[in-house]
Chemist: 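Dropping the structure in here first, questions after.
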Protein chains: 2
Amino acid sequence: MTEPDTRGSAEDAAAQADAIDRIMGQWALECPDLDVSALEIIGRLSRFAALVQARLDAVFAEYGLQSWEFDVLSALRRAGAPYELTPGELDRALLITSGTTTHRVTRLEARGFVTRRRDDDDRRVVRVRLTDAGVEIQAAAHAAHAANEVRILSGLSDAERSALLDGLRAMGRVLGDRSEGVAAV
Amino acid sequence: MTEPDTRGSAEDAAAQADAIDRIMGQWALECPDLDVSALEIIGRLSRFAALVQARLDAVFAEYGLQSWEFDVLSALRRAGAPYELTPGELDRALLITSGTTTHRVTRLEARGFVTRRRDDDDRRVVRVRLTDAGVEIQAAAHAAHAANEVRILSGLSDAERSALLDGLRAMGRVLGDRSEGVAAV
DNA sequence: TTCGAATATCTTGATGTCAAGATAGTAACG
DNA sequence: CGTTACTATCTTGACATCAAGATATTCGAA
C-alpha cells in the first residue's frame with residue numbers, strides 16, 4: 001500500500017463516531033485514569049487540519065502548484081501592489097524559517113512567478129515581487145481554491161459553522177495569534 | 001533570523017484581531033469580489049493546528065521524543081496488550097504512507113522502544129510491538145502531554161470549549177473521518 | 001571615525017516524508 | 001498443481017523543512 005487511507009469505510013448510522021472518538025474509547029479502556037478530555041479538541045484540530053490540507057492540495061495540483069507555492073504567491077498578492085515583501089516578512093507571515101523561505105523563493109523565481117532584487121536603501125534587504133505570470137496563476141488558483149473551501153464546508157449547518165468559528169476565534173485568543181507580521185494594509 | 005516568529009506582539013485591547021482577521025482584511029481590500037468566507041474557518045483550522053503542534057513538540061522534547069515517535073508509541077499503547085500493530089495498521093491510524101511507517105519503525109526499533117517480528121500465519125505480515133522501555137517512555141510522556149493539552153485549552157470558557165467541540169464534530173462528519181483503521185477495542 | 005552589536009539573508013547538513021516501484025508471500029481459479 | 005491476481009512490507013530517489021551557523025550590511029556608542 002502506498003497512500004494513506006483517508007476515506008471513510010461504512011456509511012453507518014446517524015451519530016457516527018469519528019477516528020478521535022475511537023481513540024478516546026481506546027484510552028478509556030486502557031488507561032481509565034488518564035485525562036484525555038483535551039484530546040477531544042486538540043486531536044480533532046490537528047487531524048482535521050491534515051484531512052483538509054489533502055483536499056486543498058488536490059485543487060492546487062490542478063494548477064500545477066504545491067500548496068507552499070500557493071501560500072507564498074498569496075502572501076505577496078494580498079500585500080497589495082506592487083505585490084512585494086521581504087523574505088523576513090514571508091517568514092513571519094507563513095510561520096516558516098528563513099532557510100525555507102530562501103528555498104521557496106528560489107524555486108518560484110526559477111518558475112518565473114517572482115523576482116528578487118536588493119533594496120537600494122538597505123542592502124541587507126531583498127524585495128521579492130510577484131511577476132505578471134505570478135499574479136495570473138495566483139488569481140486562477142485562488143478562485144478555484146476559494147470555491148473548494150466553500151464546498152468543503154457546505155455540509156455544515158449555519159449553527160455548526162458559527163459554533164466552529166466562535167470556538168476557533170477563542171483558540172486564536174488563547175494561542176496569542178496576534179496579527180503582526182506581514183506589511184500593513 | 002532562524003526561527004519563525006510565533007509569539008504575539010502587543011497585548012492589545014479586548015476584541016483583538018488575529019492573523020486570519022488581518023489576512024481577510026487584506027483580501028477584502030485587494031479582491032473585494034473574492035469569496036473568502038470559508039477562509040475564516042479553514043485558515044484558522046490549519047494555522048492553529050500548526051501553532052498547537054509547536055507547543056506539543058516542546059513537551060515531547062523534554063522526554064527526548066519527536067512527536068512522530070510519540071504518535072507511533074501511542075498508537076501501539078492504546079491498541080491494548082500486547083501493544084502490537086502491523087505497519088499497515090499504523091499507516092491507517094497515523095495517516096502516513098507505508099514508506100514513512102517503515103522508516104519510523106526502524107528508528108524506534110533502533111532506540112529499543114519497539115520490536116519487529118514476522119507473523120507466522122501470514123509471513124507477509126509484520127508485528128510491531130512496544131517493548132517495556134517503550135511502554136514506560138510512552139506513559140511518562142503521555143502524562144505530561146495530556147497536562148499540556150489541558151493547559152493549552154485552559155484559557156477557554158466552558159461555552160467556547162463546547163462550541164469548538166460541536167463545530168469540530170460537525171467537521172469530522174463533513175470530512176468523513178469514520179473510525180475504521182486501527183484494531184478494534 | 002571606529003568597532004562591536006544587531007539585523008537580513010543565505011548556506012550547509014541532517015532528517016522526515018512521499019510517490020513509485022520492488023520484493024515476497026497468499027489466495028483463487030482453472 | 002500452476003499461473004495469475006492480490007496483499008503487505010520495504011526500497012529508492014527526490015524534496016521540503018529545519019537548526020545552526022556564515023556572510024554582508026547597518027546602527028550605535030565611545
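Computed from a predicted structure; not experimentally measured. Computed over heavy atoms, backbone and side chain alike; hydrogens, waters and symmetry mates excluded.
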Chemist: Check this one for me: any side-chain N or O of T86(B) less than 4.0 Å away from OP1 or OP2 of dT9(D)?
Modeler: yes
Chemist: For the pair made of CZ in R92(A) and P in dA8(C), what is the distance, rounded to whole Å?
Modeler: 7 Å
Chemist: Rounded to the nearest Å, what distance is computed from the CG atom of residue D91(A) to the C1' atom of nucleotide dT9(C)?
Modeler: 9 Å
Chemist: Under 4.0 Å from OP1 or OP2 of dA8(D): is there any side-chain N or O of R118(B) that close?
Modeler: no
Chemist: NA contact type, D121(B), heavy-atom cut-off 4.0 Å: base, sugar-phosphate, or nothing?
Modeler: sugar-phosphate
Chemist: Over how many whole Å does the gap from D71(B) atom CG to dG16(C) atom P extend?
Modeler: 13 Å
Chemist: Write down the distance between CG (D57(B)) and P (dA19(D)), rounded to a whole number of angstrom.
Modeler: 10 Å
Chemist: As a test of reading the structure: which of dT9(D), dC18(C), dT17(D) is closest to the side chain of T97(B), going by heavy atoms?
Modeler: dC18(C)
Chemist: 5'-most contact on DNA chain D: T102(B) or D120(A), nearest heavy atom basis?
Modeler: T102(B)
Chemist: Touch check for R127(A), heavy atoms < 4.0 angstrom, all strands: base, sugar-phosphate only, or nothing?
Modeler: nothing
Chemist: Only one of D119(A), D120(A), D121(A) clears salt bridge (Lys or Arg N to Asp or Glu O under 4.0 Å) with R123(A); which?
Modeler: D120(A)
Chemist: Any idea which of dC10(D), dC10(C), dG16(C) is nearest the W68(B) side chain?
Modeler: dG16(C)
Chemist: Could you check how far CZ of R104(A) sits from P of dT9(C), rounded to whole Å?
Modeler: 16 Å
Chemist: Side chain of H103(A) only, heavy atoms from C-beta on: which candidate in dT17(D), dT9(D), dG25(C) is closest?
Modeler: dT17(D)
Chemist: Within a strict 4.5 Å, meaning less than it, do heavy atoms of the L76(A) and V135(A) side chains meet?
Modeler: no
Chemist: Do the side chains of R117(B) and E84(B) get close enough for a salt bridge, i.e. N-O under 4.0 angstrom?
Modeler: yes
Chemist: Salt-bridged, R104(B) to D91(B), with N to O below 4.0 Å?
Modeler: no
Chemist: Under 4.0 Å between a side-chain N/O of R123(A) and OP1 or OP2 of dT9(C), yes or no?
Modeler: no
Chemist: What's the CG-P distance between L90(A) and dC10(C), to the nearest Å?
Modeler: 11 Å
Chemist: Checking side chain to side chain contact (heavy atoms under 4.5 Å, CB included) against I42(A), which of V150(B), V52(B), L168(B), N148(B) comes through?
Modeler: V52(B)
Chemist: Taking CG from D119(A) and C1' from dT25(D), how many angstroms apart are they, rounded to a whole number?
Modeler: 12 Å
Chemist: So, is R107(A) near the phosphate of dA16(D), with a side-chain N or O under 4.0 Å from OP1 or OP2?
Modeler: yes
Chemist: Counting just side-chain N and O atoms, does T100(B) come under 4.0 Å of either OP1 or OP2 of dC18(C)?
Modeler: yes
Chemist: Ignoring hydrogens and angles, are the base of dC10(D) and the side chain of S98(B) linked by a donor-acceptor pair under 3.5 Å?
Modeler: yes
Chemist: Would you indicate whether the side-chain heavy atoms of R44(B) and L165(A) approach each other to under 4.5 Å?
Modeler: yes
Chemist: When only distance counts, do a donor and an acceptor, one from the side chain of R124(B) and one from the base of dT7(D), lie under 3.5 Å apart?
Modeler: yes
Chemist: What's the CD-C1' distance between Q66(B) and dA14(C), to the nearest Å?
Modeler: 12 Å
